[in-house]
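Please read the structure below before turning to the comments.
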2 protein chains.
Amino acid sequence: MDHVDNILKQWQQERPDLDVVPMGTIGRVKRLNHTLMRAMEKTWAKYGLTDASFDVLATLRREGAPYALSPGDLMASTMVTSGTMTHRINQLEKAGLIERVKNPTDGRGFLISLSPPGFDLIDDAVTAHVETQAQLVSGLTEEQQEQLDALLKQFLAGFEQE
Amino acid sequence: MDHVDNILKQWQQERPDLDVVPMGTIGRVKRLNHTLMRAMEKTWAKYGLTDASFDVLATLRREGAPYALSPGDLMASTMVTSGTMTHRINQLEKAGLIERVKNPTDGRGFLISLSPPGFDLIDDAVTAHVETQAQLVSGLTEEQQEQLDALLKQFLAGFEQE
DNA sequence: TGGACATACCTTGATATCAAGATATTTGCC
DNA sequence: GGCAAATATCTTGATATCAAGGTATGTCCA
């Protein structure tokens with residue numbers, strides 16, 4: 001009987017006409033996401049990073065050499081709007097972790113590339129981040145982790161192509 | 001091979017020293033949460049509500065008569081900080097959907113109660129909301145929904161008592 | 001080849017959130 | 001009863017986000 005079960009029980013008493021089973025699952029996804037984000041933020045903070053800045057730097061790092069993408073590519077990868085991405089890029093540029101370069105093949109745009117300090121920082125931060133994540137999933141057995149992953153993947157598949 | 005799989009593949013090539021399996025699962029939770037929230041926001045918007053305002057009104061509604069809780073209870077239930085809750089309450093009070101009443105048994109605090117228009121609005125909105133949620137989970141079979149729910153519940157259980 | 005449409009990014013304005021600290025009240029202990 | 005500590009809520013200041021719209025450049029077709 002966890003927090004979400006209590007919510008469902010309340011609804012059943014107040015609104016027995018509603019089928020609240022999906023609410024339980026979606027509520028758990030929301031709550032789990034919240035909890036995981038809060039935990040991971042602590043690790044990012046040790047490197048002076050946030051969800052947003054880690055996200056951008058990690059996206060550039062894992063891309064491989066020459067560690068550069070357009071703002072539009074970054075937006076698609078991180079699911080944020082253009083205004084948000086402009087803001088993130090400005091902050092990271094000010095911190096010297098990325099550089100804006102005119103896109104040589106498209107005069108409308110830029111390429112965002114990791115600076116050498118940005119590369120070093122994200123390489124250290126992601127090592128710690130992966131350790132934190134391993135900790136976070138350790139409450140489930142390996143088999144449960146695999147099952148959960150497979151179910152999440154199928155759940156997401158229903159949305160990604162649309 | 002979904003979006004998250006691509007991310008993991010990139011990391012494997014760039015940083016083969018890292019075990020990125022947990023990153024996949026956690027990444028899917030984040031992405032799924034984002035997608036589900038965006039979808040549910042559309043329903044809330046039809047009633048002039050947001051995630052935040054729906055959350056508060058629904059918490060009061062499911063509590064049952066007399067539909068009143070303290071800001072502190074609301075904070076605990078919704079996982080936001082006190083500043084955020086004060087702001088939410090101010091907005092809802094301005095909209096006439098809730099009322100602030102001096103707590104008769106504790107002079108430091110208030111009780112937040114649903115106004116009659118607030119009650120009517122949330123009762124309609126939650127009906128539509130539950131329909132939206134049923135739609136959102138319909139990509140999984142009933143059995144998969146149950147499995148997912150059980151795994152999420154156990155995952156969360158590792159955090160809730162701490 | 002030139003004009004209409006599409007695209008890429010930035011700017012603006014409104015809102016939501018958090019962390020930290022302020023204020024008022026209650027509780028508990030002597 | 002009275003003072004210290006705990007508690008409940010609000011205030012403040014900094015940031016992040018989004019939606020909508022602006023500007024410059026590229027693309028495509030008649």
Side-chain angles (χ1 to χ4, degrees), chain A residues 30-31 33-35 37-42 44-46 48-57 59 68-95 97-113, chain B residues 30-31 33-35 37-42 44-46 48-57 59 68-95 97-113:
Chain A
K30 179 178 177 184
R31 208 169 172 84
N33 179 66
H34 191 272
T35 304
M37 290 299 292
R38 283 322 185 106
M40 295 187 295
E41 277 168 6
K42 290 181 189 161
W44 295 325
K46 289 182 191 163
L49 297 173
T50 62
D51 173 22
S53 51
F54 180 89
D55 207 10
V56 172
L57 296 180
T59 302
L69 285 173
S70 69
D73 291 337
L74 288 168
M75 280 167 56
S77 189
T78 57
M79 297 179 90
V80 299
T81 59
S82 65
T84 299
M85 187 51 69
T86 298
H87 182 246
R88 288 183 177 187
I89 290 168
N90 287 343
Q91 297 306 106
L92 287 167
E93 190 177 36
K94 211 177 299 178
L97 299 172
I98 58 140
E99 285 156 14
R100 259 194 185 93
V101 194
K102 266 267 176 206
N103 189 329
T105 67
D106 188 336
R108 291 169 301 180
F110 295 88
L111 290 179
I112 310 301
S113 76
Chain B
K30 180 178 177 183
R31 210 170 170 83
N33 180 66
H34 190 273
T35 304
M37 289 299 292
R38 285 319 184 110
M40 294 188 295
E41 278 168 5
K42 290 182 190 160
W44 294 326
K46 289 182 191 163
L49 297 174
T50 63
D51 174 22
S53 52
F54 180 89
D55 207 11
V56 172
L57 296 180
T59 302
L69 285 173
S70 70
D73 292 337
L74 288 168
M75 280 167 56
S77 189
T78 57
M79 298 178 91
V80 297
T81 59
S82 65
T84 299
M85 187 50 69
T86 298
H87 181 246
R88 288 183 177 187
I89 290 168
N90 287 342
Q91 297 306 107
L92 287 167
E93 190 177 33
K94 210 178 297 176
L97 299 172
I98 58 140
E99 285 156 14
R100 258 194 185 95
V101 194
K102 266 268 174 205
N103 188 329
T105 67
D106 187 335
R108 291 169 301 180
F110 294 88
L111 290 179
I112 310 303
S113 76

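Note that the coordinates shown come from a computational prediction; the quantities given were computed from them, not determined experimentally. Letters A, B, ... are given to chains in the order of the sequence lines, protein chains preceding strands, and every chain is numbered from 1.
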To the nearest angstrom, the CG-C1' distance between B:N90 and D:dT9 comes to 11 Å
Please classify the nucleic acid contact of A:S70 as base, sugar-phosphate, or nothing, using heavy-atom distances under 4.0 Å. sugar-phosphate
Is A:T84 near enough to D:dC18 that one of its side-chain N or O atoms lies under 4.0 angstrom from OP1 or OP2? yes
Reported OG1-to-CD distance for the pair A:T86 and A:E93, which is rounded to 0.5 angstrom: 11.0 Å
Bend of the helix from C:dT1-D:dA30 to C:dC30-D:dG1 from end-axis comparison, five pairs per end, nearest 10°, comes to 20°
In whole angstroms, how far is the P atom of D:dT17 from the CG atom of A:D55? 9 Å
Decide yes or no for A:V80 and B:H34: does some side-chain heavy atom of the first lie under 4.5 Å from some side-chain heavy atom of the second? no
B:M75 has an atom CE; how far is it from atom C1' of C:dA19, in whole Å? 12 Å
B:R38 vs D:dT17: side-chain N/O to OP1/OP2 distance below 4.0 Å: no
Any side-chain N or O of A:R108 below 4.0 angstrom from OP1/OP2 of C:dC10? no
Using heavy-atom distances to pick each residue's nearest nucleotide on DNA chain D, tell me which of A:T50 and A:G83 is more 5'. A:T50
N/O donor-acceptor pair under 3.5 Å between A:S53 side chain and A:T50 backbone: yes
Taking only side-chain nitrogens and oxygens of A:R88, does any of them come within less than 4.0 Å of OP1 or OP2 of D:dC18? no
Please work out if A:G72 contacts a base, only the sugar-phosphate, or nothing of the nucleic acid, heavy-atom cut-off 4.0 Å. sugar-phosphate
Checking contacts here: which listed nucleotide (C:dA19, C:dT17, D:dT9) is nearest the side-chain heavy atoms of B:T81? C:dA19
Closest listed nucleotide, where the reference is the side chain of B:Q91 and the choices are C:dA16, C:dC9, D:dC10: C:dA16
Roughly, in whole Å, what's the span from CG in A:D51 to P in D:dT17? 7 Å
Which is it for B:D73 and B:M85 under the side chain to side chain contact (heavy atoms under 4.5 Å, CB included) test, yes or no, and what are the steps along the way? CA-CA 10 Å; B:D73 292 337; B:M85 187 50 69; over 6 Å; no
Could you pick out which residue, A:T105 or A:H87, lies toward the 5' side of DNA chain D when each is mapped onto its nearest nucleotide? A:H87
Classify A:G109 by what it touches in the nucleic acid, base, sugar-phosphate, or nothing, heavy-atom distance under 4.0 Å. sugar-phosphate
Mind calculating the distance between CE (B:M79) and P (C:dT17) to the nearest angstrom? 14 Å
Is B:S82 side chain donor-acceptor paired with the D:dC10 base, going by distance under 3.5 Å alone? yes
Could you give the distance from CZ (A:F54) to CD (A:E41), rounded to the nearest 0.5 Å? 12.5 Å
Is it the case that over 12 heavy atoms from other parts of the model lie below 6.0 angstrom from the NZ atom of A:K42? no
Could you tell me whether the side chain of A:K30 and the main chain of B:N33 form a donor-acceptor pair under 3.5 Å? no
Rounded to whole Å, the CH2-C1' distance (A:W44 to C:dC18) equals 16 Å
Check the distance between D:dT9's C1' and B:I89's CD1 and give it to me in whole angstrom. 9 Å
Keeping the roles fixed (side chain from B:T78, backbone from B:L74), state whether a donor-acceptor pair exists under 3.5 Å. yes
Write down the distance between CZ (A:F54) and C1' (D:dA16), rounded to a whole number of angstrom. 18 Å
Across the strands shown, which category fits B:D106 at heavy-atom distances under 4.0 angstrom: base, sugar-phosphate, nothing? sugar-phosphate
